[in-house]
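Report on the following structure.
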Amino acid sequence: MIRSKTVVILTGPTAVGKTAVSIDIARQLGTEIISADSRQFYHELSIGTAKPTAGELAEVKHHFVGHLSVSDYYNVSRFEQDALKLLHELFQKYDAVVLTGGSGMYLDAVCYGIDDFPDPPPGLRNQLQILCKEQGIGALQELLQKHDPDYYRQVDLQNPVRLQRALEVCLTTGKPFSEQRLNNPQARDFKTVKYVLNRKREELFDRINQRVDGMMRQGLLEEVKRLLPYRSENALKTVGYAELFDYLDGKLSLEQAVEDIKTHTRRYAKRQLTWFKRDDSYRWIDLPDDESLSGILRDIQP
RNA sequence: GGUGCUGUAGCUCAGUAGGUAGAGCAACGGACUGAAAAUCCGUGUGUCAUUGGUUCGAUCCCGAUCAGCACCA
């Protein structure tokens, strides 16, 4: 098959300005936008995730924005399937589709695929968490050494999440995680052009700080209060929500909570940049730079 | 004006019985396969306020100056 269909990936650190650029590019291409933002999926999270506004959503059709509830179970593998299915549909109508968002692993799942594992039985993750909490991370390390000595040698042994996940797979399948984790890039029947939008660090951090202040003015605290019943959901382990839960618990002053949101958002931005840096298929664009942006359109139609 | 206290990393502060210094946070760098806005790992970045003295050697001791705070006038 001729790979005439193109996914235009526009990513970059949080607050860099992906939304506006994506809408601009999508309009010029006359196409639609798929979100790869693992927090904008949830309809209850709006202010704190800097979702596109109603006006922006009306300009270009967006997919995967607010299509889930925070109490829904979701993961990167499901996103891969959902996104591929949707791309297939959209390519009936369009030659190019814009995929935008800052969740690097989700973008990689679309570009390269992700190994398939069966869902673990309910409660297993929780059991492993309890084991770690009660007996320490050493208990997880010991279990992993027994079930998957190869992965034990590679994995970050201090990272409980990694250990828990690997054990989940080992215990569910009865086979070592490392044996099933092939990490082979999947063939795709579309072409990708990939861009990281970036700004000078100082400018980016300034935008982050201002955006957080803006979120507070828009009523982030009220949004967070409404979500108190769901605070233990994974979707609420999110910058902007966790800190305000701490404030509502009396652990922090409001001022300190807001400062923490800014700090944690800056660190998140840095982790995103680290993720994109190691993948040399991305082209980097320093905003504001209209010339490079129009270059994107030239890249798409050779 | 007087007395006292303080001045060390971006911030809050330790410390050196005199041999140019270290914690937390921030910052910076990195890892990453169903939690990924998560989770984890690594790195000290410094005119020790300024200036003169004592000393082989001063961030430390002594004097002066400057700044901040407190109290007394």
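Computed from heavy atoms alone, side chains included, the values below leave out hydrogens, waters and symmetry copies. Convention: sequence-line order gives letters A, B, ...; per-chain numbering from 1.
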For Lys18(A), is there an ion pair with Asp37(A) - N to carboxylate O distance below 4.0 angstrom? no
I'd like the C1' distance from U59(B) over to A17(B), given in whole Å. 15 Å
With a cut-off of less than 4.0 Å, is there a side-chain N or O of Lys270(A) near OP1 or OP2 of A27(B)? no
Same cluster or not: are Leu86(A) and Leu68(A) linked, directly or through other Ile, Leu, Val, Met, Phe, Trp or Tyr residues, by side-chain heavy atoms under 4.5 angstrom apart? yes
Considering only the C1' atoms, how many Å lie between U3(B) and G24(B), rounded to the nearest integer? 35 Å
Could you check Thr274(A) against Tyr74(A) and say which one's nearest nucleotide on RNA chain B is further toward the 5' end? Thr274(A)
Gln154(A) atom CD, neighbour heavy-atom count above 12 within 6.0 Å: yes
Choose from U39(B), A37(B), G34(B) the nucleotide whose nearest atom is closest to any side-chain atom of Pro160(A). U39(B)
Interatomic distance at C1', G44(B) relative to A70(B), whole Å: 34 Å
Please examine the side chains of Lys270(A) and Arg201(A), heavy atoms only from C-beta on, and report whether any two atoms are closer than 4.5 Å. yes
Could you check whether Arg165(A) makes a cation-pi contact with Phe117(A), meaning its NZ or CZ is under 6.0 Å from the centre of the six-membered ring and within 45° of the ring axis? yes
Check whether any side-chain N or O of Thr238(A) sits under 4.0 Å from OP1 or OP2 of A38(B), and answer yes or no. no
Between A36(B) (P) and Arg162(A) (CZ): distance, integer Å: 12 Å
When you look at NE2 of His43(A), are more than 12 heavy atoms from neighbouring residues, nucleotides or ligands closer to it than 6.0 Å? yes
Going by heavy atoms in the side chains, are Asp279(A) and Asp108(A) under 4.5 Å from each other? yes
Give a yes or no on whether a donor-acceptor pair under 3.5 Å exists between the nucleobase atoms of A35(B), that is its base, and the side chain of Glu168(A). no
Are Trp275(A) and Phe79(A) co-members of a hydrophobic cluster defined by side-chain heavy atoms under 4.5 Å apart? yes
Contact class for Phe205(A) vs. all strands (heavy atom < 4.0 Å): base, sugar-phosphate, or nothing? sugar-phosphate
With C1' as the reference atom in both, quote the distance from G34(B) to A26(B) in angstrom, rounded to an integer. 33 Å
Any base atoms under 4.0 Å from Phe177(A), or only sugar-phosphate, or nothing? Heavy atoms, all strands. sugar-phosphate
I'd like to know whether CD of Glu255(A) has more than 12 heavy-atom contacts from other residues, nucleotides or ligands below 6.0 angstrom. no
Distance check needed: A36(B) P versus Leu236(A) CG, whole Å only. 12 Å
Please state how far atom NZ in Lys277(A) lies from atom C1' in A31(B), giving the value in whole angstrom units. 13 Å
C1'-based separation of A49(B) from A9(B) [nearest Å]: 15 Å
Do any side-chain nitrogens or oxygens of Asn234(A) fall under 4.0 Å of OP1 or OP2 in G34(B)? no
Using the benzene-type ring in the case of Trp, are the ring centres of Tyr74(A) and Tyr42(A) under 6.0 Å apart? no
Whole-Å P distance, G29(B) and A36(B): 24 Å
Over all strands shown, is Arg165(A) touching base, sugar-phosphate only, or nothing at heavy-atom distances under 4.0 angstrom? base
Classify Gly240(A) by what it touches in the nucleic acid, base, sugar-phosphate, or nothing, heavy-atom distance under 4.0 Å. nothing
Determine, step by step, whether Arg181(A) and Asp148(A) satisfy the salt bridge (charged side-chain N to carboxylate O under 4.0 Å, His left out) criterion, reporting the C-alpha distance in whole Å, the side-chain angles of both residues, the deciding distance to 0.1 Å, and the verdict. CA-CA 12 Å; Arg181(A) 185 168 153 273; Asp148(A) 191 346; over 6 Å; no
Just jot down the ring-ring contact (aromatic ring centres under 6.0 Å, His included) partners of Tyr282(A), sequence neighbours excluded, or say none. Phe276(A)
May I ask you to say what Leu182(A) touches in the nucleic acid, namely base, sugar-phosphate or nothing, with a heavy-atom cut-off under 4.0 Å? base
Does Asp108(A) reach a base, just sugar-phosphate, or nothing at all? Heavy atoms under 4.0 Å. nothing
Syn or anti conformation of G29(B), syn meaning chi within 90° of 0: anti
Check the distance between G30(B)'s P and Asp279(A)'s CG and give it to me in whole angstrom. 14 Å
U8(B) to A58(B) separation - C1' atoms, rounded to the nearest Å: 14 Å
Roughly, in whole Å, what's the span from OH in Tyr73(A) to P in A36(B)? 10 Å
How long is the line joining CG of Leu128(A) and P of G34(B), in whole Å? 14 Å
Check whether any side-chain nitrogen or oxygen of Arg201(A) sits under 4.0 Å from OP1 or OP2 of G29(B), and answer yes or no. yes
If only side-chain N and O atoms of Arg78(A) are considered, is one of them under 4.0 Å from the OP1 or OP2 phosphate oxygen of G34(B)? no
Distance criterion of 3.5 Å, no angle test: do you see the side chain of Gln164(A) paired donor-to-acceptor with the base of A35(B)? yes
Watson-Crick or G-U stems involving RNA chain B, each at least 3 pairs long, distances under 3.5 Å, ordered by first number: B:1-7 with B:66-72, B:10-13 with B:22-25, B:27-31 with B:39-43, B:49-53 with B:61-65
Can a side chain N or O of Arg271(A) be found less than 4.0 Å away from OP1 or OP2 on A38(B)? yes
Against the side chain of Thr263(A), the closest entry in A38(B), A26(B), G34(B) is A26(B)
For the pair made of CD in Glu202(A) and C1' in C28(B), what is the distance, rounded to whole Å? 15 Å
Would you please confirm or rule out a distance under 4.0 Å between OP1 or OP2 of A36(B) and any side-chain N or O of Ser103(A)? no
What nucleotide among A27(B), G34(B), U39(B) has an atom nearest to a side-chain atom of Ser77(A)? G34(B)
For Gln129(A), which contact category applies under a 4.0 Å heavy-atom criterion: base, sugar-phosphate, or nothing? base
I'd like the P distance from U43(B) over to C5(B), given in whole Å. 40 Å
Quick check: on RNA chain B, is the nucleotide nearest Gly102(A) upstream (toward 5') of the one nearest Asn75(A), or the reverse? Name the residue that is more 5'. Asn75(A)
In whole angstrom, give the distance that lies between atom CD of Gln154(A) and atom P of C40(B). 20 Å
Between the protein and nucleotides 11-13 of chain B, list the N/O to N/O atom pairs that are separated by less than 3.5 angstrom.
none

Same apolar cluster: Leu29(A) and Leu57(A), side chain cutoff 4.5 Å: no
Please determine if a side-chain N or O atom of Tyr106(A) lies less than 4.0 Å away from the OP1 or OP2 oxygen of A36(B). yes
